[in-house]
Amino acid sequence: MAETKREIERKYEAAAGTDVPDLTRVRDVATVADEGVVELDAVYHDTPDLRLAADSITLRRRTGGSDAGWHLKFPVAVGVRDEIRAPLSDTLPPDLAALLRSRVRGGEVVPVVRLRSARDVRRLLDADGGLLAELSVDTVRARRLPKGPRASWTEIEVEAADDADPGILDAVEKRLRKAGVRPSDAPSKLARALAETAPEDARPDTAPPAAPGTAGAAVLAYVREQAEAIVALDPAVRRDLPDAVHQLRVACRRLRSALKTYRSVLDRNATDLLGDELKWLAGELGVARDQEVLAERLRGRLTDMPRPLRLGPVKARLRIWDTARTKDARRKAVAALDSDRYLALLDRLDALLADPPLREAAGRDAAKVLARAVRKDHARLAARVDRALSLAPGHERDLALHEARKAAKRTRYAADAARPTLGKPAKKFSKRVKKVQSLLGEHQDAVVARATLRDLAVQAHAAGETAFTWGLLYGREEAAADAAERELPEVWARAVPL
């Protein structure tokens with residue numbers, strides 16, 4: 001993967017010839033080193049319909065300065081972006097292209113704007129000569145490509161050094177404001193260039209497919225939210241960011257659950273195939289997530305076990321097992337995102353949102369339709385819990401409790417989708433069902449852990465090692481599952497429906 005840098009910066013409006021105030025009066029700034037003017041030439045790329053810009057993503061090929069090359073920036077928070085860099089080349093590097101795949105699909109990125117900047121740089125240093133921040137006065141000339149309108153402006157940009165306290169930006173801003181300098185309304189140079197060079201015949205907003213306040217509008221808003229989450233989390237999974245696989249898998253499951261729960265709103269003849277594809281994608285991602293959860297659980301169990309009971313190379317064996325399975329699981333997840341099947345799924349989501357298959361209930365009052373659907377899911381969950389509790393402890397009961405867990409998750413997701421419409425009652429109901437889901441999840445995790453511990457014990461025995469520790473852990477997982485089963489009736493009794 002290409003080099004990644006966390007960029008924390010702020011931009012300010014400035015007139016041509018603006019004088020920068022004395023920055024040595026800023027807290028912790030001892031000296032200001034004038035680095036002179038550098039000429040930068042950047043060509044920004046996007047899809048013809050500006051999909052990257054719509055998500056505040058910038059892709060540029062820049063020459064000049066110390067960091068010439070390809071730069072891809074993803075928003076993290078206000079004023080914070082992750083910049084992924086690749087060496088200068090004539091074409092978009094494959095690593096960066098992969099991070100854009102969920103948005104670009106089968107299309108291509110093309111030059112959309114050229115920015116040429118004269119950057120007057122100042123380095124803000126502490127008493128030891130350490131870099132705190134870099135301030136630049138940028139004189140920018142923009143042109144919409146290939147031969148579109150032009151624009152020009154001057155701005156001040158302040159970026160915190162990599163290891164500096166971001167609070168330096170507050171101190172610098174206070175000094176700039178006293179000098180009459182104000183924050184820029186544009187979040188980036190590209191955003192400003194696109195706005196100031198936009199064609200006069202820009203496409204107007206289209207009317208929503210469902211009237212506000214209706215069940216159709218509420219459900220489609222939730223479906224859109226999850227579809228956008230899938231697209232946005234794709235590059236995070238490829239970058240192997242913490243919790244990215246889990247969040248993407250959750251978005252798939254939430255969306256699939258919504259399509260099932262709200263079949264009275266969206267025609268299942270059009271959504272069932274989409275649901276099947278979401279199940280496939282969540283399954284491919286689930287290998288990585290399930291391995292992560294299981295490995296963390298087993299490491300915790302080993303850590304909690306008294307040292308005299310840890311016989312043999314148990315930690316080493318667990319580490320080897322986890323490393324091999326994690327590598328395979330990640331490869332499987334990325335392969336799914338690289339597949340044509342995945343791109344077809346994204347296209348189907350776009351098509352669904354562009355022309356939703358609304359049923360008659362879509363035009364009815366959202367509160368009534370959504371509440372009825374949530375209660376129906378709760379009844380389904382109740383039937384599964386009652387069946388599981390009626391069975392004797394053993395394999396069949398374990399399977400039934402797992403099915404109840406899946407029903408609890410669907411019920412919770414249904415309530416979450418209804419929260420913007422139903423408010424606090426849906427929020428409280430979701431919390432109650434989440435407790436049921438969590439308890440059933442603990443039970444299922446213990447069941448899965450037992451199977452893995454048995455395999456590890458067999459491997460240890462075959463290698464001439466003692467299986468004593470693995471057996472002890474197996475017993476503890478049995479106890480954990482039993483405890484969850486005993487607690488379930490009380491937790492379930494509190495999960496009263498809406």
Side-chain angles (χ1 to χ4, degrees), residues 222 225-226 229 243 245-262 275 278-279 281-283 285-294 296-297 300 370-371 373-391 393 396-420 422-451 477 479-498:
Y222 185 78
E225 178 184 346
Q226 303 312 316
D243 209 37
V245 170
H246 173 58
Q247 293 299 326
L248 180 51
R249 187 186 187 194
V250 167
C252 292
R253 286 180 163 177
R254 284 182 177 276
L255 180 49
R256 181 168 177 258
S257 292
L259 298 179
K260 286 179 172 291
T261 296
Y262 298 109
L278 288 166
K279 180 180 180 180
L281 179 57
L285 298 169
V287 177
R289 175 59 180 171
D290 290 345
Q291 175 62 24
E292 179 184 351
V293 171
L294 179 57
E296 183 177 351
R297 183 184 184 93
L370 270 60
V374 173
R375 286 194 291 268
K376 185 175 180 180
D377 272 358
H378 180 272
R380 180 171 171 270
L381 167 60
R384 292 196 180 186
V385 171
D386 290 345
R387 179 179 182 276
L389 292 176
S390 70
L391 297 172
E396 289 300 318
R397 190 182 214 192
D398 289 343
L399 292 178
L401 288 170
H402 182 45
E403 291 301 311
R405 178 198 182 195
K406 291 191 287 186
K409 190 173 297 185
R410 173 171 159 179
T411 304
R412 175 189 157 207
Y413 290 162
D416 289 343
R419 280 177 61 176
L422 302 179
K424 287 185 179 180
K427 181 179 180 180
K428 291 180 179 179
F429 175 70
S430 175
K431 287 184 176 180
R432 293 194 296 266
V433 176
K434 184 178 180 179
K435 290 180 180 179
V436 176
Q437 176 194 328
S438 297
L439 187 61
L440 292 170
E442 167 63 18
H443 181 274
Q444 177 63 14
D445 289 348
V447 171
V448 173
R450 290 206 308 263
E477 293 296 353
D482 290 343
E485 290 184 36
R486 289 194 301 272
E487 189 179 353
L488 178 59
E490 181 180 348
V491 175
W492 169 242
R494 293 196 293 265
V496 293
L498 284 170

Please round to the nearest 0.5 Å and tell me the distance separating atom [atom1] of [X] and atom [atom2] of [Y].
X: Asp243; Y: Leu248; atom1: CG; atom2: CG; value: 11.0 Å
X: His246; Y: Asp290; atom1: NE2; atom2: CG; value: 11.0 Å
X: Ser438; Y: Lys409; atom1: OG; atom2: NZ; value: 9.5 Å
X: Leu255; Y: Lys260; atom1: CG; atom2: NZ; value: 12.0 Å
X: Asp445; Y: Leu440; atom1: CG; atom2: CG; value: 11.0 Å
X: Leu422; Y: Leu498; atom1: CG; atom2: CG; value: 6.5 Å

Exercise. Applying side chain to side chain donor-acceptor pair (under 3.5 Å), which residue pairs with at least one partner in residues 489-498 are found, sequence neighbours left out?
Worked result: Glu490-Arg494
Problem set entry | Distance-only side-chain donor-acceptor flag, Arg256 / Tyr413, under 3.5 Å | no
Problem set entry | Side-chain donor-acceptor contact under 3.5 Å, Arg405 with Gln444 | no
Please find the pair of heavy atoms, one from [X] and one from [Y], that lie closest to each other, and give the distance.
X: Ala480; Y: Glu442; value: CB-OE2, 3.7 Å
X: Ala288; Y: Val245; value: CB-CG1, 4.1 Å
X: Asp377; Y: Ala414; value: OD2-CB, 3.5 Å
X: Leu401; Y: Glu485; value: CD1-CG, 3.8 Å
X: Leu281; Y: Cys252; value: CD2-SG, 3.6 Å
X: His443; Y: Asp398; value: CE1-OD1, 3.1 Å

Problem set entry | Identified side-chain hydrogen bond (donor to acceptor under 3.5 Å, both in side chains) partner of Gln437 from the options Arg412, Lys406, Arg432 | Arg412
Exercise. With a 4.5 Å heavy-atom cut-off, do Val250 and Arg289 have their side chains touching?
Worked result: no
Problem set entry | Stepwise side chain to side chain contact (heavy atoms under 4.5 Å, CB included) check, Thr261 with Arg410 | CA-CA 8 Å; Thr261 296; Arg410 173 171 159 179; 3.4 Å; yes
Exercise. Do Lys434 and Asp416 sit within salt-bridge range, that is, some charged N less than 4.0 Å from a carboxylate O?
Worked result: no
Exercise. Are the charged groups of Glu477 and Arg450 less than 4.0 angstrom apart, N to O?
Worked result: no
Problem set entry | Chi angles and distances behind the side chain to side chain contact (heavy atoms under 4.5 Å, CB included) call for Leu278, Leu259 | CA-CA 10 Å; Leu278 288 166; Leu259 298 179; 4.1 Å; yes
Exercise. Is the number of heavy atoms from other residues, nucleotides or ligands within 6.0 Å of CZ (Arg380) greater than 12?
Worked result: yes
Exercise. Ignoring hydrogens and geometry, is there a side-chain-to-backbone donor-acceptor pair from Ser430 to Lys427 under 3.5 Å?
Worked result: no
